[in-house]
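What follows is a short report on a single structure.
Just so we're on the same page: letters track the sequence lines, and every chain starts at 1. Predicted, not measured: the structure shown is a model, and the values here were computed from it.
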Amino acid sequence: MSTDAKNNTALMEKIVSLCKRRGFIFQSSEIYGGCGGVWDYGPLGAELKRNLRTAWWNAMTREREDVLGLDASILMNPAIWKASGHVDTFADLMRECSLTNKRVRADHVDPQDGVIMNYTGAQAPTGWKLDRVISVLMKKGEHIESLRKRVRTLIASNAGEAAGKPEEIELLGEAKGDTVEGSVDFHPETGGALGPARPFNLMLKTYLGPTATEDDVTYLRPETAQAIFAQFKNVFDSSRMKVPFGVCQIGKAFRNEVTPKNFTFRSREFEQMELEFFIKPDEAVEIISGEVAQWSENADLSEPQPNWGWDMWHRYWVAQRTRFYEGIGLGGVLEYYWQTPDDLAHYARACVDILCDFPFGTEELEGIAARGSFDLTAHQTASGKTQEVFDEDLKNAAAKLTNEQKEALIQKRLAAEQAKVKGEPMPEADVRAWFERLFKGNYVPHVIEPSAGLDRMALAIIANAFNETEKTDEKGKKEVITVLRLHPRVAPIKVGVFPLLKNKPELVAKAREVYALLKKHMNVFYDETASIGRRYARQDEVGTPFGITIDFDTLGEKGPELQDTVTLRHRDGGEQERVKICDLLPKLLAAVS
RNA sequence: GCGGGUGUAGCUCAGUGGUAGAGCACUUCCUUGCCAAGGAAGAUGUCGCGCGUUCGAAUCGCGUCACCCGCUCCA
C-alpha cells in the first residue's frame, strides 16, 4: 500500500472509531459478532440523518410547488421487479473464473478451442502459497510461455500484495490435459476454468404469507424509484398536477451486495432519497412552444421554462442538487462525472454522477439520470394499465399543425431512431402510432431521476467535517484535538449549554433556564461536569457549532449592562461573543436552519 | 466469491502456554472565575464465537463470524 493509501486507511479508522465512541454509528448486532454489511445509527447519527432527511425533503418538495412526496411500502408485488428488469438482470446464471473470480453470464461464453493445462498450485518467494488445482485453457496457437505469464499475472493480481511480483511466482506441477474443441468451460478472456453455473441475484428474497412457498416469493425493494413509477397514476390523478412535476420519496432499500465495504458506504440495507421528475417528451415541447431550448455554457438554469426539453431539465436538476450539497457544507468536495455513451444503460439518455471526496477515494453520492419514458412504459406494458397523461395544451397546439409539419416531426424522429447508438430503433409503424397519440394530447411522461444515498451523504458529511490538529500545552504535552466541522444545519447537537462552574447554584439555575428556553426549538446539550475547556472540546468532537456559557457576568456581577448576557462560543476558531439571553433563540435559529 | 490482515475494558493498544494490563474515557466526592486543570476513591473484560491440544490457552491448532486491505462485484 502506498503511504497515501495507508494514511487514508488510518483516517478512515479514526472516523469509524469516533463514530462508535461518540454514538454516531455502531456495527449492527455487535454483541452477537455483527451482521455483514449493515449498520446502526446511534443517538447522534440518528439526529444527523434526520437533519439530512429534513434538508432534502424541504429542498425537494416543501419549498417547491412542482414536487410531491410519497411514502411507499418496501414489499411490493413481485411483478414490479419483473417489469422493471430487476428480476431478469439478477436472476441470470453466472459462472466464475477459477483464476480471477471474474463472473460471466453462463449463456454468454463463446466456444473455444485449445489444450487444457493443469497446475497443482503456485508459490511465491514471499512465502505465499496457492494450494488448489488450477486449470487453464491454452488457446490454439498460444505459446506455453505466454500462457504461463498470463497465469502468473492473473494469480498475482488476484492474490494482492501477498504474492509479490508476478514474474517471481512459481507454478507447480504443470501437466498437459485434454485437447478440447468448442468448449464453453473457460473464461473467454482469462482462459481460467469456469465454476458451476449459479444464480446470482442482488435482490433480497422473502416470502409474503406464512406458507413460504415459491408462489409467495417477493423481494425487498432494491430501489425506491419503482414504487414512484408504480404509483405515478394515483399521484397524478389525486393531486391535480400537470406535467412537468415530480414525486419524491425517502426510504430504505436493500441489495445483497457481494462485498459490502468502506464502512457505511456500500451496505446491504440503505436509505435512498429519490425524485422522479416527470416531463413532456421533447416532441410535445416542440409542438407547444415551437422549439426546444438548447443548452449552452451560459444557459440560465435558475427558473424552469416551458420550452425546456429533457436536456435542460437534466442540467437544471444537476444545478439544483449541487445547490443542495452546497447548503449542507459539501460544496467544496464535489466532482461530476458525465457518463459516456458506453457507460449508459440502453434506456438512459444521460447520467451524471455527483461524486464526493472520501478517505477511500472519490465515490458516487448521487446519480442524476435522464431515463426517457423507459420505466413508465415498461409498467404500462407489463400491467396493461395506461400510464399516459392527457395534455390539453398539447392537443390544442397539435390541432394547429399542418399535415406537412406533422410529417416533418415524424421524419425527424425516424432519423433519430436510425441514428441510435444503443438499442434497437423503434419500428416506423410504432413511431407513427406514438405520434398519433401525441397529436391527440396523450403521452407517457419522460423522467429525470436524481437519486441520492442518505447513508453515503451522512458518511460524506462526517468524513469531510473530520479535522484533527495537534496541540502542545504549556507543559509541552502534545495532544490531538478533534473537531467535526459540521454545517450547523446538519449538526446533531446545535448548541451546548454550560454553567461556568457547577458548585455555584446560581450559575447552574441560570444555565438550566437557558437550556429549557432553547430545547423546545433545537437539539441542545446541557453539561456541567469537568472544566469548561473540556466541555467545549467534547462538543467540538461531535460537531456542535455553538456553546453557551453562563458566567458571573450573567448574574450581574460586573454591573447591569452585562446582566442576562452569556458567552456564545463558535466551534470553528473558538471566538466568543457576548449575547443577551433574549437574543439567543432568533440568532441560533437563523444559523441552524 | 478469492487472497492477505485484524479481533484483549467505551476508545487506542501492550501482553507469545502459568493470577488479564496501561493511557485516555467513565462514575462519585473535593476543588474550579473560559478552551481536553488538579486531588481522592471507584467501576469496567467468558481476551469475537465454537471445538480441539494441554495439568493449564488471550497465547498453539481447526472451524466460524465480523471488520480492514487488494481483486471481483456494484442496472
Side-chain angles (χ1 to χ4, degrees), chain A residues 1 5-6 8-10 12-14 16-23 26-39 84-86 88-90 94 96-103 126-132 154-163 195 198 200 202-203 222-223 225 255-263 265-266 343-348 351 360 363-364 367 369 371 374 451 471 473-475 477 479-482 498 500-504 507 529-541 547 549-553 557 567 569 571 573-576:
Chain A
M1 226 191 292
K6 265 184 190 155
N8 290 338
T9 301
M12 206 50 217
E13 278 166 10
K14 283 178 190 168
V16 173
S17 164
L18 174 73
C19 282
K20 179 175 183 192
R21 187 159 39 85
R22 298 309 308 270
F26 306 128
Q27 192 178 15
S28 166
S29 325
E30 195 191 71
I31 61 169
Y32 287 102
C35 183
V38 285
W39 302 89
S84 67
H86 285 82
D88 287 344
T89 312
F90 293 139
M94 306 291 282
E96 240 176 29
C97 166
S98 57
L99 264 185
T100 59
N101 306 108
K102 276 190 179 170
R103 256 183 294 270
T126 56
W128 174 89
K129 267 198 301 199
L130 182 69
D131 230 358
R132 122 176 104 89
L154 291 171
I155 288 177
S157 75
N158 203 34
E161 287 172 22
R198 285 184 303 201
F200 186 76
L202 280 185
M203 284 198 291
E223 61 172 36
R255 294 181 201 182
N256 230 338
E257 294 289 351
V258 182
T259 314
K261 61 185 251 178
N262 290 332
F263 198 27
F265 184 82
R266 173 163 296 124
D343 301 329
L344 287 173
H346 65 276
Y347 51 78
C351 187
F360 42 81
E363 298 281 355
E364 185 182 343
R371 296 171 67 94
F374 174 82
S451 166
K471 200 181 90 172
D473 64 15
E474 310 91 57
K475 292 169 198 156
K477 206 175 102 187
E479 55 189 348
V480 176
I481 308 290
T482 304
F498 319 115
L500 183 62
L501 299 173
K502 77 165 169 186
N503 61 352
K504 298 283 186 289
L507 289 179
T529 65
S531 71
I532 190 69
R534 172 181 294 274
R535 282 176 272 165
Y536 288 150
R538 281 175 184 157
Q539 292 307 309
D540 287 350
E541 201 182 37
T549 303
I550 283 72
D551 58 19
F552 294 94
D553 296 353
E557 201 172 81
T567 302
R569 173 188 180 267
R571 176 196 62 207
E575 66 274 17
Q576 302 193 338

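Using Watson-Crick or G-U wobble geometry with both donor-acceptor distances under 3.5 Å, C47(B) finds no partner in any strand shown. Both distances falling under 3.5 Å, in either a Watson-Crick or a G-U wobble arrangement, place C26(B) opposite G42(B). Within the shown strands, nothing qualifies as a pairing partner of G56(B) under the Watson-Crick or G-U definition with both distances less than 3.5 Å. Across all strands shown, G7(B) forms a Watson-Crick or G-U wobble pair, both distances under 3.5 Å, with C65(B). Under the Watson-Crick or G-U wobble criterion, with both distances below 3.5 Å, C13(B) is paired with G21(B). Nucleotide G33(B) forms a pair with no other nucleotide shown, judged by Watson-Crick or G-U wobble geometry with both contacts under 3.5 Å.
Residue contacts shown for Val38(A) are absent, as no nucleic acid heavy atom lies under 4.0 Å away. In this structure, Gly367(A) reaches neither bases nor backbone, as no heavy-atom distance under 4.0 Å exists between it and the strands shown. Nucleic acid contact for Gly36(A): sugar-phosphate only, since backbone atoms but no base atoms lie under 4.0 Å from a heavy atom of the residue. In this structure, Lys20(A) reaches the sugar-phosphate backbone alone: every heavy-atom distance under 4.0 Å involves primed, P, OP1 or OP2 atoms, never a base. Residue contacts for Tyr32(A): at a heavy-atom cut-off of 4.0 Å it reaches no nucleic acid atom on any strand shown. Using a 4.0 Å heavy-atom distance criterion, Arg535(A) is classed as making no nucleic acid contact. Using a 4.0 Å heavy-atom criterion, one finds that Phe498(A) contacts no nucleic acid atom at all. Among the atoms of the strands shown, base atoms are found under 4.0 Å from some heavy atom of Ile481(A). Residue Thr482(A) is in base contact, counting any heavy-atom pair closer than 4.0 Å across all strands shown.
Phosphate contact (OP1/OP2 of C69(B), side-chain N/O of Asn262(A), threshold under 4.0 Å): present. Phosphate proximity of A37(B) to Arg534(A): present, with a side-chain N or O under 4.0 Å from OP1 or OP2. For U12(B), one of the phosphate oxygens OP1 or OP2 lies less than 4.0 angstrom from a side-chain nitrogen or oxygen of Ser17(A). Between Lys471(A) and A36(B) there is a side-chain polar atom (N or O) within less than 4.0 angstrom of OP1 or OP2.
Checked against U32(B), C34(B), A37(B), the side chain of Ser531(A) finds its nearest nucleotide in A37(B). Side chain of Thr9(A), nearest nucleotide from C68(B), U32(B), G33(B): C68(B). Taking the side chain of Gln576(A) as heavy atoms from C-beta on, and the options U31(B), A36(B), C34(B), the nearest nucleotide is C34(B). Distance from the side chain of Glu541(A) is smallest for A36(B) among the nucleotides C34(B), A36(B), U72(B). When each of A36(B), U31(B), A37(B) is scored by its nearest atom to the side-chain atoms of Lys502(A), the top-ranked nucleotide is U31(B). If you check U32(B), C34(B), A36(B) against the side chain of Asp551(A), the one that comes closest is C34(B). Minimum atom distance to the side chain of Leu501(A) is reached by G33(B), of the listed A75(B), C34(B), G33(B). The nucleotide whose nearest atom lies closest to any side-chain atom of Ile532(A) is, among A75(B), C34(B), C35(B), C34(B).
The same atom, P, is picked in G4(B) and in G50(B); the two are 25 Å apart, to the nearest Å. The separation of C35(B) from C68(B), taken at their C1' atoms, amounts to 35 Å, rounded to a whole angstrom. Across the P atoms, A20(B) and U44(B) are found 15 Å apart, a figure rounded to whole Å. Only the P atoms considered, U8(B) is 15 Å distant from C67(B), to the nearest whole Å. For the P atom pair drawn from C34(B) and C24(B), the interatomic distance equals 24 Å after rounding to whole Å. For the P atoms, the distance from A57(B) to G1(B) is 33 Å, rounded to whole Å. For G18(B) and C13(B), the C1' atoms lie 23 Å apart once the distance is rounded to whole Å. Nucleotides G48(B) and G7(B), compared at atom C1', are 6 Å apart to the nearest Å.
Here A36(B) presents its C1' atom at 12 Å from CZ of Arg21(A), a figure rounded to the nearest Å. Rounded to an integer number of Å, the gap from Asp540(A) CG to A36(B) P is 10 Å. Distance Met12(A) CE to U6(B) P: 21 Å, rounded to the nearest Å. Following rounding to the nearest Å, Lys504(A) (NZ) and C30(B) (C1') show an atom-to-atom distance of 12 Å. Whole-Å rounding puts the Lys14(A) NZ to G10(B) P distance at 22 Å. Between the C1' atom of A25(B) and the CZ atom of Arg22(A) lies a distance of 10 Å, rounded to the nearest Å. One atom, CG of Leu500(A), and another, C1' of A37(B), lie 13 Å apart when rounded to the nearest Å. Between the CD atom of Glu557(A) and the P atom of G33(B) there is a distance of 13 Å, given to the nearest Å.
With hydrogens and angles disregarded, a donor-acceptor distance shorter than 3.5 Å links the side chain of Ser531(A) to the backbone of Arg534(A).
Ion pairing of Glu541(A) with Arg571(A) is absent here, as no side-chain N (NZ or NE/NH1/NH2) approaches a carboxylate O to less than 4.0 Å.
By the 4.5 Å heavy-atom criterion applied to side chains, Thr549(A) and Ile532(A) are counted as neighbours. Considering only heavy atoms from C-beta on, Met203(A) stays 4.5 Å or farther from Arg255(A) through its side chain.
To the nearest 0.5 angstrom, Leu500(A) atom CG is 6.5 Å from Leu507(A) atom CG.
Taking the six-membered ring wherever Trp is involved, the centroid distance between the rings of Phe263(A) and Phe360(A) does not fall below 6.0 Å.
Between Tyr347(A) and Phe374(A), the ring planes lie parallel to each other; the angle is under 30°, not in the 30° to 60° tilted range.
Looking at Arg255(A), its side chain comes within 3.5 Å of the base of A75(B) through a donor and an acceptor atom.
Side-chain N/O atoms of Arg538(A) and Thr529(A) include a donor and acceptor closer than 3.5 Å.
Not counting sequence neighbours, the partners of Arg569(A) by the salt bridge (Lys or Arg N to Asp or Glu O under 4.0 Å) test are Asp540(A).
If Arg569(A) and Tyr347(A) are placed on RNA chain B by their nearest nucleotide, the residue sitting closer to the 5' end is Arg569(A).
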